[in-house]
2 protein chains.
Amino acid sequence: MKATLKMIAQALGVHPSTVSRALSGKPGVSEEMRAKIISLAQEMGYLPDSRARSLRQGHTKIIGIVIPDMGNPFFSQAVSAMEKVLFPLEYSFFLCVTEEDSEKEKVLLENLVSYKVDGILAAPVDRVKNTKLYKEVQKRGIPVIFFDRRLVTIETPYAVIDNRGAVTTIVDYLWKKGHRTLGVITLHRESYTGMERLEAAIERAKELKIEIKPDWIKDGMSTETGAYKAALELFKGSELPTALFVCNNVMALGVLRALKELKVKVPEDMSLVTFDDSFWNQIFEPPVTCVAQDPEQLGMIAATMMLNRIRYPEKKLEGVVLKTRFIERASVKDLTKARG
Amino acid sequence: MKATLKMIAQALGVHPSTVSRALSGKPGVSEEMRAKIISLAQEMGYLPDSRARSLRQGHTKIIGIVIPDMGNPFFSQAVSAMEKVLFPLEYSFFLCVTEEDSEKEKVLLENLVSYKVDGILAAPVDRVKNTKLYKEVQKRGIPVIFFDRRLVTIETPYAVIDNRGAVTTIVDYLWKKGHRTLGVITLHRESYTGMERLEAAIERAKELKIEIKPDWIKDGMSTETGAYKAALELFKGSELPTALFVCNNVMALGVLRALKELKVKVPEDMSLVTFDDSFWNQIFEPPVTCVAQDPEQLGMIAATMMLNRIRYPEKKLEGVVLKTRFIERASVKDLTKARG
DNA sequence: TCGACCTCCTCAAACGATTGCATAACCTTA
DNA sequence: TAAGGTTATGCAATCGTTTGAGGAGGTCGA
């Protein structure tokens with residue numbers, strides 16, 4: 001049924017501590033006895049109880065990972081990359097999906113603390129909201145590393161991308177192509193990335209005298225469905241921008257769906273630029289121009305930072321900001337040519 | 001920093017057991033004392049240690065979830081649905097991603113046993129390979145429910161879809177549209193779904209005298225990239241089928257990418273039917289005909305089965321087979337019209 | 001006044017593993 | 001052969017919580 005150290009010990013007439021030493025390869029056990037113990041343990045299907053072990057040893061070898069959405073390939077790829085770094089070192093993972101809900105995030109974080117994870121890799125929901133909680137977590141000695149998003153109110157190592165730079169590139173590109181009006185389908189606004197991307201777009205547009213009417217900014221809620229609805233809503237307006245900036249990959253899907261339904265042609269009737277490069281950007285007709293980030297690199301870096309944090313808790317870690325890559329495809333109309 | 005029962009007890013000059021009873025709402029503590037304890041616990045930020053608690057209580061309130069790929073929206077939606085059922089009941093989740101690797105699956109399952117999860121919801125990698133392991137898990141008293149895929153060698157409750165029925169519908173449809181040759185981009189072949197879908201296609205094709213040349217069956221490895229390569233490979237052949245059946249959603253993406261690259265027009269040059277309906281099926285031009293399954297229903301049912309299993313371990317649970325829905329779009333050419 | 005019965009609390013033993021220290025046995029070696 | 005060293009094992013505490021058993025003190029009724 002289930003085997004414990006004690007049972008193995010009893011069966012062989014030795015003390016549990018001997019069994020423990022034998023199985024964990026520690027010295028102080030005769031080779032003969034060790035062999036007997038190992039073989040019996042095998043036979044009985046012994047697996048140590050991680051709870052008991054970690055209770056005694058003071059670490060769990062579990063890393064908590066907090067993401068807002070696991071259907072988003074960006075996050076699934078980042079998580080995958082983290083696993084690739086940490087799994088070989090025998091770490092396990094507690095994956096927590098907040099669904100952009102700060103309250104749920106709170107419950108999940110408390111769980112992680114309760115289970116005494118060795119560290120937390122998080123893309124927090126809100127750029128400020130759970131500050132106190134995250135601080136608490138750290139005070140309890142659990143290292144936290146932010147990735148993709150971060151809390152702006154707290155000094156913690158992070159790995160994010162250069163959102164402002166990326167958005168500036170996009171707006172500049174649109175300007176060069178002759179666009180003087182712009183709509184934005186935003187992420188969940190209170191998130192770090194949501195705020196950065198929207199603000200940067202507004203800022204750069206202002207500098208270049210590109211108009212962004214308030215009606216042209218619609219909340220896509222970071223989801224396919226949210227963006228679909230937001231796009232439909234936008235197109236109800238009497239006046240439309242010539243280009244649309246969609247703040248992430250799954251929302252791009254939603255916008256494309258809405259445009260198709262409305263029979264709006266890209267790029268003839270509406271130009272499109274999105275954040276993130278997912279497979280569907282390539283197969284859509286026309287292929288979608290975008291800013292690509294590398295989720296795997298992001299995940300790897302964040303995981304590596306975590307390892308450093310665990311090994312050298314005292315060492316100060318700098319935040320990392322990754323560059324993005326602009327990919328020009330065919331979803332933006334060149335208005336300069338069109339005009340003459 | 002971190003607070004334990006003992007510390008609270010010491011601070012108030014009472015015994016830890018009193019604190020435990022006070023905080024867990026058990027009788028035998030004066031209301032006055034209880035209030036003092038609760039307020040101090042709050043102040044010290046006390047959170048119980050789940051490991052210690054579960055060690056004593058004999059259950060963890062953690063469910064292990066085993067899936068092959070978290071980038072696949074089918075699985076992310078199923079998992080999401082499971083959470084919706086179990087999270088309100090205060091269950092947490094250990095999400096394990098096998099990446100179609102039986103060896104990794106083994107390590108992950110051993111971890112789950114080691115952490116003493118209360119149950120395991122699994123979409124196993126191989127239809128037979130880890131039979132012994134899954135049996136072991138059950139013998140240890142951990143209930144297992146399979147979803148999407150199952151082991152055919154073991155009697156365990158499961159929730160799957162009617163793969164054979166779905167594939168038969170597809171092949172019949174193609175036949176009606178005049179197709180007499182067919183190619184298949186398969187899942188990971190050793191998986192339950194991989195085997196079922198391929199076998200059913202071959203079987204029905206034979207009955208209807210639709211030809212499937214061995215060269216027309218390519219292994220897509222269940223991934224976008226795998227399917228992309230498989231499709232390129234298929235098109236290197238001198239003779240081609242008139243239609244292609246792609247065994248899941250992410251592979252559809254890969255095939256579409258390959259076709260686009262090869263400038264093969266759908267459905268003019270090649271007809272296409274896929275399993276699963278994801279958003280991109282709708283936005284592709286032409287929209288893709290497919291068989292849709294409902295991952296959320298599947299997840300909900302599996303999670304509910306798990307709850308029953310935990311509550312009434314003795315009660316026998318029947319396997320559930322869900323029906324699928326055929327969605328006709330525009331990716332299949334009507335050869336009967338073309339000819340006549 | 002004495003037993004019966006609360007109420008509120010303490011005690012101590014679990015759960016399953018790890019680990020510093022003690023001890024017994026054996027082996028060297030001068 | 002006795003001192004000193006090495007090796008194998010046992011002992012007991014510990015991690016943080018829960019929980020059955022038990023005890024001290026009070027109230028109440030007969």
Side-chain angles (χ1 to χ4, degrees), chain A residues 1-38 40-41 44-62 110-111 113-118 140-142, chain B residues 1-38 40-41 44-62 110-111 113-118 140-142:
Chain A
M1 199 109 286
K2 61 174 181 180
T4 67
L5 274 192
K6 213 189 287 180
M7 292 166 64
I8 299 180
Q10 223 152 31
L12 290 171
V14 297
H15 197 268
S17 58
T18 304
V19 180
S20 170
R21 275 185 264 261
L23 292 177
S24 54
K26 297 238 168 64
V29 186
S30 67
E31 282 316 308
E32 186 190 13
M33 179 56 87
R34 191 188 296 270
K36 262 204 292 191
I37 289 175
I38 290 178
L40 182 61
M44 294 176 67
Y46 171 75
L47 275 181
D49 185 315
S50 296
R51 300 167 302 172
R53 168 179 284 179
S54 78
L55 197 55
R56 174 65 226 239
Q57 294 194 142
H59 60 257
T60 49
K61 287 247 152 191
I62 306 181
E110 283 174 355
N111 271 348
V113 171
S114 212
Y115 287 115
K116 296 285 185 290
V117 295
D118 286 349
R140 283 180 148 83
I142 302 178
Chain B
M1 199 106 292
K2 63 174 180 178
T4 67
L5 274 191
K6 214 190 284 182
M7 293 166 63
I8 298 179
Q10 222 152 32
L12 290 170
V14 297
H15 197 268
S17 58
T18 305
V19 180
S20 170
R21 275 184 260 263
L23 292 176
S24 55
K26 296 237 169 64
V29 187
S30 68
E31 282 315 309
E32 187 189 12
M33 179 56 87
R34 190 188 297 269
K36 264 206 290 192
I37 290 175
I38 289 178
L40 182 61
M44 296 176 65
Y46 171 75
L47 275 181
D49 185 316
S50 295
R51 299 167 301 173
R53 169 179 284 179
S54 78
L55 196 54
R56 174 65 226 236
Q57 293 192 145
H59 61 258
T60 49
K61 286 245 151 193
I62 304 180
E110 282 174 356
N111 271 348
V113 171
S114 212
Y115 286 116
K116 296 285 186 291
V117 295
D118 286 349
R140 283 179 148 84
I142 302 178

Heavy-atom donor-acceptor pair, [X] side chain to [Y] backbone, under 3.5 Å:
X        : Y         : answer
Ser54(A) : Ser50(A)  : yes
Thr60(B) : Lys116(B) : yes
Ser20(A) : Pro16(A)  : no
Arg51(A) : Arg53(B)  : no

Expressed in angstrom and rounded to an integer, what is the separation of [X] atom [atom1] from [N] atom [atom2]?
X         : N       : atom1 : atom2 : result
Leu55(B)  : dC15(C) : CG    : C1'   : 4 Å
Gln57(B)  : dT18(D) : CD    : C1'   : 7 Å
His15(A)  : dG10(D) : NE2   : C1'   : 6 Å
Asp49(A)  : dA14(C) : CG    : P     : 17 Å
Tyr46(B)  : dT18(D) : OH    : C1'   : 10 Å
His59(B)  : dC15(C) : NE2   : C1'   : 13 Å
Lys26(B)  : dC8(C)  : NZ    : C1'   : 16 Å
Lys116(A) : dA17(C) : NZ    : P     : 20 Å

Select base, sugar-phosphate, or nothing to describe what [X] touches, counting heavy atoms under 4.0 Å on all strands.
X        : result
Ser17(B) : base
Arg51(A) : nothing
Thr18(B) : base

| remark: Side-chain contact check for Thr4(A): nearest option of dA17(C), dG16(D), dT18(C) is dA17(C)

| field | Closest to side chain of Lys6(B), choosing from dC15(D), dA17(C), dT18(D) | value | dC15(D)

| request: Ignoring backbone atoms, establish whether Ser30(A) has a side-chain N or O less than 4.0 Å from OP1 or OP2 of dT9(D). | output: yes

| request: Using only heavy-atom distances, decide whether a donor-acceptor pair under 3.5 angstrom links the side-chain of Arg56(A) to the base of dT18(C). | output: yes

| request: Hey, which sits more toward the 5' end of DNA chain C by its nearest nucleotide, Arg21(A) or Val14(B)? | output: Val14(B)

| field | Gap between atom OH of Tyr46(A) and atom CG of Leu40(A) - 0.5 Å precision | value | 12.0 Å

